[in-house]
Each structure stands twice: as C-alpha cells, then as structure tokens.
J.: 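Here it is: the structure, laid out below.
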Amino acid sequence: MDGTKTTVWGAILLLILAAGVLVTRSHFREMRDACEVRLVEMGPRLEAYALSHKGQLPVTTAELAEALGDLPTSTLGEPYVMADTPLRWRRGEPQPYLWDPAPHHFVNGVHVLYSDGSVRLLEAPPTP
C-alpha cells in the first residue's frame with residue numbers, strides 16, 4: 001500500500017510541476033509577443049520622425065527617445081540595440097534598424113524592426 005501512495009503523490013507532484021512549467025512558458029511567450037507589438041507601434045512614430053528629418057532614422061538613443069515619446073526605448077531591462085550606420089526610412093533594401101539586446105528568456109528569438117517598418121523574429125541578434 002505504501003508503494004501506491006508514493007506513486008500517487010509522485011504523479012500529483014509531476015502534474016503540478018508540468019502545470020508550473022506550462023504557465024511560466026506561456027508568460028514568457030506573452031512577454032515576447034508584447035515586445036513585437038511595441039516594435040510595431042514604433043513604426044508610425046519613426047516614420048513621422050523621418051519625415052521631419054529628411055528620411056533619416058534616429059542614430060542616438062536621445063534621438064530615439066525623442067522620436068518615440070512615451071514608448072519605452074528598452075526591453076528586458078536593457079536599451080534596444082541600434083544599427084551602427086545611419087538608415088533611411090522605407091528607402092532601399094530593408095536593413096535591421098532596432099532589436100532586442102538579447103534573445104527572450106526560455107522562448108528564444110530576437111525581434112528586429114527593419115528600416116521598412118516590418119518586424120521579424122530571428123533566432124539570434126543581427127550583427128551591427
């Protein structure tokens with residue numbers, strides 16, 4: 001009888017552990033999706049900034065903060081990484097412009113805002 005009790009308690013603990021892992025992973029996926037939404041929201045503000053700056057996107061964090069207004073300029077507690085070279089909004093071949101400093105915890109992926117306004121999820125950060 002003791003073996004049966006131990007097996008039942010073990011099964012119950014495994015179910016609780018599995019539920020905890022699923023809930024945690026779901027939470028991290030929601031955070032990753034929220035990051036994508038934030039980058040998509042940046043598009044219109046960056047477009048407005050570029051229109052008033054001869055098509056140029058912000059090149060410093062101060063200019064980025066000015067362009068985005070009340071939208072956060074960081075994710076995962078660190079500022080977004082920006083392209084090293086000045087880019088133009090919606091001109092030429094789309095280039096990576098702004099991205100997460102590190103892959104998202106446990107669900108991986110790095111969101112990248114391109115100079116054409118599209119947001120893509122990559123496995124690793126682009127090289128600046």
J.: Looking at Tyr97, is its backbone amide N or carbonyl O close enough to the side chain of Ser115 to form a donor-acceptor pair, meaning the two atoms are under 3.5 Å apart?
T.: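 Side chain of Ser115 to backbone of Tyr97, a donor-acceptor pair under 3.5 Å: no, none is there.
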J.: In this structure, would Met42 and Tyr49 fall into the same cluster of hydrophobic residues linked by side-chain contacts under 4.5 Å?
T.: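 Result: no, two separate clusters.
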J.: Measuring from atom OG1 of Thr7 to atom CD1 of Ile12, what distance do you get when rounded to the nearest 0.5 angstrom?
T.: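 The CD1 atom of Ile12 is 11.0 Å from OG1 of Thr7, to the nearest 0.5 Å.
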J.: When rounded to the nearest 0.5 angstrom, what is the spacing between CG in Leu87 and CD in Glu93?
T.: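 Reported value, rounded in 0.5 Å steps: 12.0 Å.
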J.: Minimum heavy-atom separation for Leu46 to Ala67, with atom names?
T.: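 Nearest heavy atoms, Leu46 then Ala67: CD2-CB, 4.2 Å.
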J.: Under 4.5 Å between side-chain heavy atoms, hopping through other hydrophobics if needed: is there a path connecting Val81 to Val112?
T.: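 As far as the 4.5 Å side-chain criterion goes, Val112 and Val81 are connected within one cluster.
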J.: For the backbone of Gln56 and the side chain of Arg88, can you confirm whether one donor and one acceptor N or O come within less than 3.5 Å of each other?
T.: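 No, Arg88 side chain to Gln56 backbone: no donor-acceptor pair under 3.5 Å.
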J.: For a quick test of reading the model, state the closest non-hydrogen atom pair linking Leu113 to Gly117 and the distance between them.
T.: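 For Leu113 and Gly117, the tightest heavy-atom pair comes out as CD1-O, 3.8 Å.
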J.: Might you work through the salt bridge (charged side-chain N to carboxylate O under 4.0 Å, His left out) test for Arg45 and Asp70, ending with a clear yes or no?
T.: CA-CA 11 Å; Arg45 294 184 186 200; Asp70 60 344; 2.6 Å; yes
J.: Shortest non-hydrogen contact from Pro58 to Met82?
T.: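 Heavy-atom minimum between the residues: O-CE, 3.0 Å.
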J.: Establish whether Leu121 and Val119 are linked, either directly or via other cluster members, by ILVMFWY side-chain heavy-atom contacts under 4.5 Å.
T.: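 No.
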J.: Linking I/L/V/M/F/W/Y whenever any side-chain heavy atoms sit under 4.5 Å apart, do Leu39 and Trp89 land together?
T.: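 In one cluster: yes.
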J.: Rounded to the nearest 0.5 Å, what's the gap from CD on Glu63 to NE2 on His53? Could you check?
T.: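 The CD atom of Glu63 sits 6.5 Å away from the NE2 atom of His53.
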J.: With the 4.5 Å side-chain cut-off for hydrophobic clustering, are Val37 and Leu68 part of the same group?
T.: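 No, it is not one cluster - the side chains of Val37 and Leu68 are not joined through contacts under 4.5 Å.
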J.: Roughly how far, to the nearest 0.5 Å, is CG of Asp100 from OH of Tyr80?
T.: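 Answer rounded to 0.5 Å: 6.0 Å.
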